[in-house]
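We use all heavy atoms of the structure for the numbers below, so side chains are in, but hydrogens, waters and symmetry mates are not. Whatever order the structure lists ligands and atoms in, that order sets their numbers, starting from 1.
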Amino acid sequence: MIDTVAFSGDYTKLRIIDQTQLPNALVVRELMAIEEIERAIKTLQVRGAPAIGVAAAIGLSVLARRIQTDEMPAFLRELRVLAARLVAVRPTAVNLAWAVRQMTQTAETAQNTRDALARLREKAEQIRQDDIAACKRIGEAGSRLLFDDCGVLTHCNAGRLAAVRYGTALAPIYAAAEQGKRIRVFADETRPLLQGARLTAYELHEAGIDVTLACDNMAASLMAQGKIDLVLIGADRIAANGDAANKTGSLGLSILAKHFDVPFYVCAPLSTFDADVANGAQIPIEQRDPAEITAAFFKEPIAPAGILVYNPAFDVVPHTHITAFVTERGICDAANLKNLV
Ligand code: MRU
């Protein structure tokens, strides 16, 4: 499969796989206006913490080319306005703010606007390449947790579609499969937007991995039957104490895993760790459009008109429920996070 996020060949556009069209069609879009990039992130055309970070970095590089001034102070002012607009689109995934900060800091070191454009392009491509390398290393480290014929439960999509390549929580599965291990994956469908059904089931099936789709409320019975040896999920932001925000439903899964004594792993690159946030209660949780719950993909109503809706995009898994974190620096539990980040 092509990379989820990249520059267009001439570096003038952000190129993404439009994930709202999957699994029915593989549509690639090229974006160059701020409104298009904001919309792509908001509507989850591009989604998953690492992927939106890389998309924002490339997006800023592309947008900077259209700033019409040769004066550095004015250039930086406009760049910061664009950066703030992108960061505001999705508040939970810290990779977005992290990548945008890397980009504005890079521009601030430039001598002139021409130099700034060159540095921004180079930095965005470096952030993209670093994501590929980090996910590969997460895969190698995490594959050691997987054994032949083991059953893995995953939630949402933390696969190659959520990053540039490989993904985070699915990277160990791809690596283990390459090593010849047979892995049985159970993918939660992940209400309300069905990233598990539409994306995880799609990408694993495409890759020839044994994947079975289950509704979110079936995880308990899968664990009760002993079909799940471990849970692998991604994260949108990990606080200094190890509390991890991830797709809504992750907290419930972690409670089930504790109950059934199933190891629970969070796979994430270091760009997802936020040392400035002490614990999960301080992580901002994005509230999304009620229509995501009341209408099947905003078309057919599936709930009474005007019903009150609770639609947080993420919830927080307490560090006490997390067996360990799998990162590009290896596997580490919450007590030892300080040595890692
Ligand atoms: O709302 P989404 O689809 O962007 O949510 C994505 C998740 O919750 C992922 O699990 C998380 O970003 C980790 S992706 C490697």
Side-chain angles (χ1 to χ4, degrees), residues 4-5 16-20 22 40-56 89-99 131-132 134-139 142 152-174 187-204 216 231-238 244-254 264-274 280 283-289 292-293 297 311-317 322 325-328:
T4 304
V5 191
I16 58 162
I17 294 177
D18 180 350
Q19 301 189 37
T20 62
L22 288 171
I41 296 173
K42 186 73 200 170
T43 62
L44 313 192
Q45 286 180 348
V46 59
R47 43 128 325 265
I52 59 177
V54 175
V89 180
R90 298 201 73 189
T92 304
V94 74
N95 307 59
L96 177 58
W98 172 87
D131 179 71
I132 295 171
C135 289
K136 192 155 177 48
R137 287 202 292 272
I138 289 171
V152 178
L153 181 64
T154 190
H155 189 64
C156 192
N157 172 266
R160 54 176 58 142
L161 288 163
V164 178
R165 231 180 268 174
Y166 311 117
T168 57
L170 300 191
I173 295 168
Y174 290 125
D188 274 353
E189 65 174 353
T190 316
R191 277 285 288 156
L193 290 177
L194 304 174
Q195 288 93 330
R198 294 186 300 106
L199 307 175
T200 297
Y202 167 80
E203 67 163 82
L204 290 176
D216 298 342
V231 176
L232 292 180
I233 63 162
D236 287 82
R237 191 186 298 228
I238 301 167
N246 190 52
K247 178 54 56 194
T248 194
S250 300
L251 169 60
L253 262 194
S254 75
F264 190 96
Y265 294 97
V266 174
C267 308
L270 296 180
S271 53
T272 304
F273 289 78
D274 185 355
I283 299 177
I285 301 293
E286 175 186 3
Q287 297 290 327
R288 292 190 56 92
D289 188 343
E292 291 179 351
I293 288 181
F297 280 83
N311 189 14
F314 303 98
D315 57 23
V316 176
V317 179
I322 297 171
F325 298 91
V326 184
T327 78
E328 63 269 44

Nearest protein heavy-atom contact for [atom]: which residue, which atom, what distance?
atom: atom 4 (O) of ligand 1; result: R90 NH1, 2.8 Å
atom: atom 14 (S) of ligand 1; result: A162 CB, 3.5 Å
atom: atom 3 (O) of ligand 1; result: R47 NE, 2.6 Å
atom: atom 9 (C) of ligand 1; result: N246 OD1, 3.4 Å
atom: atom 11 (C) of ligand 1; result: D236 OD1, 3.1 Å
atom: atom 5 (O) of ligand 1; result: K247 CE, 3.3 Å
atom: atom 15 (C) of ligand 1; result: T168 OG1, 2.9 Å

Going by heavy atoms in the side chains, are [X] and [Y] under 4.5 Å from each other?
X: L193; Y: Q19; result: no
X: T4; Y: V164; result: no
X: D188; Y: L253; result: yes
X: R47; Y: C156; result: yes
X: Y174; Y: R165; result: no
X: Q195; Y: L44; result: yes
X: T248; Y: I285; result: no
X: W98; Y: D274; result: no

Quiz prompt | N or O pair under 3.5 Å between L44 and ligand 1 | solution = no
Quiz item: Has ligand 1 got any nitrogen or oxygen that is less than 3.5 angstrom from a nitrogen or oxygen of G234?
Solution: no
Practice problem: For C156 and ligand 1, answer yes if some heavy atom of the residue is under 4.0 Å from a ligand atom, otherwise no. | Solution: yes
Practice problem: Mark the output for A163 as yes if a heavy-atom distance to ligand 1 is under 4.0 Å, and as no if none is. | Solution: no
Quiz item: For ligand 1, which part of P50 has a heavy atom less than 4.0 Å away: the side chain, the backbone, both, or neither?
Solution: side chain
Would you mind running through ligand 1 and noting each atom that sits below 4.0 Å from a heavy atom of [X]?
X: A49; answer: 12 (O), 14 (S)
X: A158; answer: 14 (S), 15 (C)
X: Q195; answer: 1 (O), 2 (P), 3 (O)

Exercise. Measure the CD-CZ distance between E286 and R90 for me, rounded to the nearest 0.5 Å.
Key: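 So the CD of E286 and the CZ of R90 are separated by 4.0 Å.
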Quiz item: Would you say the side-chain atoms of N157 and R198 include a donor-acceptor pair closer than 3.5 Å?
Solution: no
